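This report concerns only the one structure given below.
All ligand and atom numbering here is 1-based and tracks the order in the structure. FYI, side chains are in, hydrogens and waters are out, and symmetry mates aren't considered; it's all heavy atoms of this structure. On a predicted model such as this, the values are computed, not experimentally measured, just so you know.
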Amino acid sequence: TKPSKSRRQTELNDIFISVKTSKWYHDRLDLILETWYIMARDQVYFFTDEDNDIYRHRTRGHLINTNCSSTYDRYALCCKMSIEYDTFIASKKRWFCHVDDDTYVNVPALVTLLQLYNDTGDWYLGKPSLSYPLKTRDLDGAGQQIAFWFATGGAGFCLSRGIALKMVPFASGGRLVTACRKIRLPDDCTIGYFVYISLNKQLTVVNQFHSHLEGLWRINLGNIANQVTFSYGQLGTRRNVVQIPGYNDSYDPSR
Ligand code: UDP
Ligand code: MN
């Protein structure tokens, strides 16, 4: 029998990682640049709303001024996502992974995860922050009730090139912003909308993605090396961070 023609396995260089940031939060980039960024310098692009020579330099030209508004509203965030998406499409990479600027990406674990899936297939990998699907009226359709899952942007999510290309008619060249405006949902929900409603595909839940909307102290130390993303923040009055013994709270408040 002939040996089956198999494609080269996915490697780090096949992954496009976009980090959403804002001029208000450029100092958050310090943590990233000093930690996981070092393992993925060529893969990571930062999407912001103002030029900044220092960070442009430190990211070796990977700081992209989207010229989107620097307000914290649906329109501005969708505007950034739209440029992230377009930049990925132009990049020819196999995988589009989006994270916020308060996220730690476990780069080797991300590569290992993506090697389990075929980038030419239709994959939307991430984790919902709700335990139920988002219910809304389809304002881009006949106004009927719809329900769908979406991966929380704050936990990070990945799209295969296969599914991302199918979104071109809805998402490319600023159409993602038009869609956000029509359906009146944030950027991460809009991606879920495209997957479920426009394409009739599904989210694959990956529990190794973690946003600060969940209790990060619950992550079992023994499993930490396999987790793909971590965030940090406050949950009520509690500091929500991964528990790693030996780290000093005041010296390293985000872990
Ligand atoms: N962000 C932004 N513009 C703003 C405020 C926030 O692009 O005006 C970005 C921020 O850089 C981060 C993401 O939106 O990547 C989420 O912001 P944050 O973590 O402050 O809020 P959360 O939604 O997690 O409460
Ligand atoms: Mn956050």
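- Aromatic ring centres of His26 and Tyr55: separated by under 6.0 Å.
- The closest heavy-atom contact to atom 23 (O) of ligand 1, among the options Tyr25, Tyr72, Trp24, comes from Tyr72.
- Atom 24 (O) of ligand 1 has its closest protein heavy atom at His212 NE2, 2.9 Å.
- Atoms of ligand 1 lying under 4.0 Å from any heavy atom of Lys80, numbered from 1 in the order shown and given with element: 2 (C), 3 (N), 7 (O).
- Ser22 CB, 3.5 Å is the protein heavy atom nearest to atom 3 (N) of ligand 1.
- For ligand 1, the atoms closer than 4.0 angstrom to any heavy atom of Thr71 are 8 (O).
- Interatomic distance, Leu125 CG to Leu159 CG, rounded to the nearest 0.5 Å: 8.0 Å.
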Next on the checklist: Go through it in stages, so that I can follow the logic: the residues are Val242 and Ile224, the test is side-chain contact (heavy atoms from CB on, under 4.5 Å), and I'd like the CA-CA distance, side-chain angles, deciding distance and then a yes or no.
Outcome noted: CA-CA 9 Å; Val242 177; Ile224 239 153; 3.2 Å; yes
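- In this structure, atom 18 (P) of ligand 1 lies nearest to the protein heavy atom Arg28 NH1, 3.7 Å.
- For Asp101, a nitrogen or oxygen atom sits less than 3.5 Å from a nitrogen or oxygen atom of ligand 1, counting backbone and side chain alike.
- A donor-acceptor pair shorter than 3.5 Å can be found between the side chains of Thr21 and Asp101.
- In this structure, the protein non-hydrogen atom closest to atom 16 (C) of ligand 1 is Asp100 OD2, 3.4 Å.
- Atom 19 (O) of ligand 1 has its closest protein heavy atom at Asp102 OD2, 2.8 Å.
- Side-chain N/O atoms of Tyr193 and Asp138 include a donor and acceptor closer than 3.5 Å.
- Nearest heavy-atom pair, Leu31 versus Ser254, reported as atom, atom and distance to 0.1 Å: CD1-OG, 3.3 Å.
- Listed by chain and number, Asp102 OD2, His212 NE2 are the protein N/O/S atoms closer than 2.8 Å to the Mn ion (ligand 2), with waters left out.
- Put simply, the residue from Asp188, Asp187, Asp102, Asp49 that forms a salt bridge (Lys or Arg N to Asp or Glu O under 4.0 Å) with Lys20 is Asp187.
- Using cut-offs of 30° and 60° on the angle between ring planes, the pair Phe88 and Phe96 is parallel.
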Item to check | Step-by-step side-chain contact (heavy atoms from CB on, under 4.5 Å) determination, Leu216 to His210 | outcome: CA-CA 7 Å; Leu216 293 166; His210 301 282; 3.6 Å; yes
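- Contact annotation for Val19 and ligand 1: no heavy atom of the residue comes within less than 4.0 Å of the ligand.
- The cationic group of Arg161 does not satisfy the cation-pi geometry with Trp123, failing either the under 6.0 Å distance to the six-membered ring centre or the 45° limit from the ring axis.
- Between Thr178 and Arg175, the side chains place no donor N or O within less than 3.5 Å of an acceptor N or O (distance only, hydrogens not considered).
- Taking a 4.0 Å cut-off on heavy atoms, Gly154 fails to register as neighbouring ligand 1.
- Of the protein's heavy atoms, Lys20 CE, 3.9 Å lies nearest to atom 9 (C) of ligand 1.
- Residue contacts with ligand 1, taken as heavy atom pairs separated by less than 4.0 Å, involve Ser70 solely via the backbone atoms N, CA, C and O.
- Listed by first and then second residue, the ring pair (Phe, Tyr, Trp, His ring centres under 6.0 Å) pairs involving residues 61-87 are Tyr45-His62 (not counting sequence neighbours).
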